[in-house]
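The structure appears right after this line, and notes come after that.
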Amino acid sequence: MDPVKNILTFSDFCLDLHDDDGQAYNLLDHISFAVPDGRALGVVGESGCGKSMTSLAAMRLLPPAAHISSGKIMLGDMDITAKSEKEMYEIRGKEMSMIFQEPMTSLNPVLTIGFQIEEMLIRHESSLTKAERRERVIDLLAKVGIPNPEKRLKSYPHEFSGGMRQRTMIAIAIACSPQLLIADEPTTALDVTI
């Protein structure tokens, strides 16, 4: 029997936040955990304890004042703490993706819902034709429960309810079937029936 491979591993990871005076404040202190491939891990804690910062660290989407002081984050066998921003640009969306907590501010208000989903496919699935991308976007909208997906792909974020925007964020995150999906309170804007 083959050993279980971990899809995500935090090893003795520390993250500091530096203020304007250069003072460092420890945000994440020696975090170590692993997520086996094919499994889910829930992180629970009080508000402000570092759950979202841990998710952002995994995606390497940290604010400018945040600095990794020690440890590493592995995506499979790849040390993502050693990757350049250009390399992370290629990894995000394809190998790993994130459903952000705030759908109201995560979507671009001047771009259609369909284009924002298609953008992932353009970047990471370049072999698809325009017609194939359109069909994939319609399929993704249908999968996340958006009614009339053929018509709604031309809608703008302000034309969607909060729950529909959250489902759009889910569609964007799963568009390229990433190995790892990080969800930061993904059900916040969804009603109980969804």
Side-chain angles (χ1 to χ4, degrees), residues 4-11 13 15 27-28 31-63 66 68 71-76 78 80-81 83 88-109 111 113-114 116-121 123-125 136-137 139-147 149 152 157 160-194:
V4 177
K5 179 182 173 189
N6 291 326
I7 192 66
L8 179 68
T9 307
F10 274 68
S11 298
F13 184 79
L15 184 71
L27 294 180
L28 302 175
I31 293 177
S32 294
F33 66 86
V35 182
D37 193 12
R39 302 292 300 270
L41 171 72
V43 179
V44 180
E46 62 191 37
S47 182
C49 73
K51 300 180 303 291
S52 293
M53 198 57 71
T54 301
S55 298
L56 291 171
M59 293 293 293
R60 292 268 317 277
L61 292 172
L62 294 167
I68 298 168
K72 60 179 154 181
I73 304 169
M74 302 292 291
L75 179 66
M78 184 177 12
I80 62 170
T81 52
K83 296 291 181 188
M88 286 305 300
Y89 182 80
E90 295 303 319
I91 293 167
R92 285 187 214 109
K94 178 71 175 164
E95 304 296 328
M96 61 192 310
S97 198
M98 184 168 173
I99 303 166
F100 293 92
Q101 190 177 101
E102 297 291 333
M104 312 307 176
T105 57
S106 297
L107 294 170
N108 189 323
L111 299 175
I113 294 295
Q116 292 185 67
I117 299 170
E118 185 182 12
E119 204 170 22
M120 268 305 163
L121 301 173
R123 184 188 324 162
H124 296 298
E125 304 282 342
R136 179 88 72 85
V137 170
D139 182 55
L140 286 162
L141 287 172
K143 280 182 179 172
V144 297
I146 301 293
R152 298 317 296 261
F160 274 25
S161 69
M164 290 170 77
R165 282 182 248 184
Q166 183 67 51
R167 286 180 269 158
T168 300
M169 292 300 304
I170 294 169
I172 291 169
I174 65 172
C176 296
S177 304
Q179 300 174 52
L180 175 67
L181 181 62
I182 298 171
D184 190 3
E185 296 188 32
T187 60
T188 301
L190 301 180
D191 63 46
V192 76
T193 60
I194 296 296

What is the distance from atom CG of Leu180 to atom CD of Glu95, rounded to the nearest 0.5 Å? 10.0 Å
Is any side-chain heavy atom of Ser32 closer than 4.5 Å to a side-chain heavy atom of Phe10? no
If we only count heavy atoms from C-beta on, is the Leu121 to Val137 side-chain gap below 4.5 Å? yes
Contact summary for Arg136 and Ala175, nearest pair of heavy atoms: NH1-O, 3.1 Å
Side chains of Arg152 and Phe160: closer than 4.5 Å at any heavy-atom pair? yes
In Å and rounded to the nearest 0.5 Å, what is the CD1 to CD distance from Ile7 to Gln179? 4.0 Å
Kindly compute the distance separating CD1 (Ile68) from CD1 (Ile73), expressed to the nearest 0.5 Å. 5.5 Å
Taking it one step at a time, do Thr9 and Lys72 satisfy side-chain contact (heavy atoms from CB on, under 4.5 Å)? CA-CA 8 Å; Thr9 307; Lys72 60 179 154 181; over 6 Å; no
For a side-chain contact (heavy atoms from CB on, under 4.5 Å) check, start with the C-alpha distance between Gln166 and Ile99, then their side-chain angles and the critical distance, and finish with the verdict. CA-CA 8 Å; Gln166 183 67 51; Ile99 303 166; 3.2 Å; yes
Roughly how far apart are Met74 CE and Leu8 CG, rounded to 0.5 Å? 10.5 Å
Rounded distance (nearest 0.5 Å) linking atom CG of Leu56 with atom CG of Leu27: 11.0 Å
Within a 6.0 Å radius of atom CZ on Phe33, are there more than 12 heavy atoms belonging to other residues, nucleotides or ligands? yes
Nearest heavy-atom pair of Gly93 and Cys176: which atoms, and what distance? O-CB, 3.3 Å
Leu15 side chain reached by Thr54 side chain, heavy atoms, under 4.5 Å: no
Least distance between heavy atoms, Ala34 atom then Asn6 atom: CB-ND2, 3.5 Å
If every non-hydrogen atom of Leu107 is compared with every non-hydrogen atom of Pro157, which pair is closest and at what distance? CB-CG, 3.9 Å
Once you round to the nearest 0.5 Å, how far does CD1 of Ile113 lie from CD of Glu118? 13.0 Å
Indicate yes or no for a side-chain donor-acceptor contact from Arg123 to the backbone of Glu119 under 3.5 Å, with no hydrogens or angles considered. no
Can you name the closest pair of heavy atoms from Arg92 and His124 and give their distance? O-NE2, 2.9 Å
Going by an N to O cut-off under 4.0 Å, is there a salt bridge joining Glu125 and Lys94? yes
Note: Ile172 and Ser97 closest approach over all heavy atoms is O-OG, 4.5 Å
Does Met98 reach the side chain of Ser55, with side-chain heavy atoms less than 4.5 Å apart? yes
Test Met169 against Phe100 for side-chain contact (heavy atoms from CB on, under 4.5 Å), laying out the working first. CA-CA 7 Å; Met169 292 300 304; Phe100 293 92; 3.9 Å; yes
Side chains of Asp139 and Leu141, heavy atoms from C-beta outward: is any pair under 4.5 Å? no
Any Val144 side-chain heavy atom under 4.5 Å of Thr168 side chain: no
Taking the six-membered ring of Tyr89, is NZ or CZ of Arg60 closer than 6.0 Å to its centre and within 45° of its axis? no
Residues 45-53, side-chain donor-acceptor partners within the protein, below 3.5 Å, at least two apart:
residue: Lys51; atom: NZ; partner: Gly45; partner atom: O; Å: 2.9
residue: Lys51; atom: NZ; partner: Glu46; partner atom: O; Å: 3.1
residue: Ser52; atom: OG; partner: Asp184; partner atom: OD1; Å: 3.2
residue: Ser52; atom: OG; partner: Asp184; partner atom: OD2; Å: 2.7

Quick one: does Met88's side chain get under 4.5 Å of Ile80's, heavy atoms only? yes
